[in-house]
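A short worksheet on the structure shown next.
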Amino acid sequence: FTIKEFYDYWLYYYMIDEYKIAYNTLFSYRKAVERIIDSVGADKKIADIKEEEIRCAALGCPTKETRKNVCTLAEKKVVC
């Protein structure tokens with residue numbers, strides 16, 4: 001799977017359908033996911049993504065909240 005395919009499934013089907021996350025949580029996670037996808041490239045395969053690329057995506061975040069969400073996703077191994 002590419003990172004975009006994975007996140008489309010994870011965010012919209014798994015997190016919404018299974019966990020019933022709130023709208024604000026969805027919006028926050030979506031911003032973090034978009035930051036990661038923009039940083040590593042939408043067509044990159046998940047297996048090819050390095051932890052350092054996720055760290056760089058987090059450091060490039062414009063707000064502390066988005067940076068925190070990117071790091072949270074990385075810690076949960078959602079991106080690695």
Side-chain angles (χ1 to χ4, degrees):
F1 293 101
T2 66
I3 191 162
K4 182 169 181 358
E5 292 169 335
F6 174 79
Y7 273 122
D8 283 345
Y9 171 80
W10 176 79
L11 190 58
Y12 293 104
Y13 296 103
Y14 187 72
M15 293 304 288
I16 291 174
D17 292 344
E18 295 293 322
Y19 279 95
K20 311 275 190 251
I21 61 173
Y23 175 78
N24 288 339
T25 303
L26 170 66
F27 186 75
S28 295
Y29 278 5
R30 191 180 73 199
K31 282 175 37 180
V33 164
E34 287 171 354
R35 171 63 64 174
I36 293 168
I37 289 172
D38 288 346
S39 179
V40 301
D43 295 329
K44 192 163 190 176
K45 299 287 184 185
I46 291 242
D48 297 334
I49 296 172
K50 308 289 184 245
E51 188 175 339
E52 183 63 28
E53 292 174 295
I54 302 303
R55 243 186 248 119
C56 287
L59 292 174
C61 292
T63 65
K64 184 178 180 179
E65 186 65 28
T66 305
R67 188 168 37 255
K68 180 182 142 210
N69 288 332
V70 168
C71 292
T72 298
L73 295 176
E75 288 171 4
K76 291 181 178 182
K77 302 294 185 203
V78 174
V79 293
C80 299

#### Entry: Closest non-hydrogen atom pair between Gly41 and Ile3, with its separation
O-CG2, 3.3 Å
### Message
Regarding Lys44 and Glu53, does a basic nitrogen lie under 4.0 Å from an acidic carboxylate oxygen?
### Response
yes
## Note on the structure
Rounded to the nearest 0.5 Å, the CG atom of Leu26 sits from the OH atom of Tyr19 at a distance of 15.5 Å
## Note on the structure
Value for CD (Glu5) from CG (Asp43), rounded to nearest 0.5 Å, stands at 8.5 Å
### Message
I need the Thr63 OG1 to Arg35 CZ distance, nearest 0.5 Å.
### Response
8.5 Å
### Query
Same cluster or not: are Phe27 and Trp10 linked, directly or through other Ile, Leu, Val, Met, Phe, Trp or Tyr residues, by side-chain heavy atoms under 4.5 angstrom apart?
no
## Note on the structure
Correct closest heavy-atom pair for Tyr13 and Asp8 would be CD1-O, 3.9 Å
### Message
Could you measure the distance from the CD1 atom of Ile21 to the CE atom of Met15? Nearest 0.5 Å is fine.
### Response
5.0 Å
### Query
Which value, rounded to the nearest 0.5 Å, describes the distance between Ile46 atom CD1 and Lys4 atom NZ?
12.5 Å
#### Entry: OH-CG distance between Tyr12 and Asp17, expressed to the nearest 0.5 angstrom
12.5 Å
### Under 4.5 Å side-chain linkage, directly or through intermediates, the cluster mates of Phe1
none
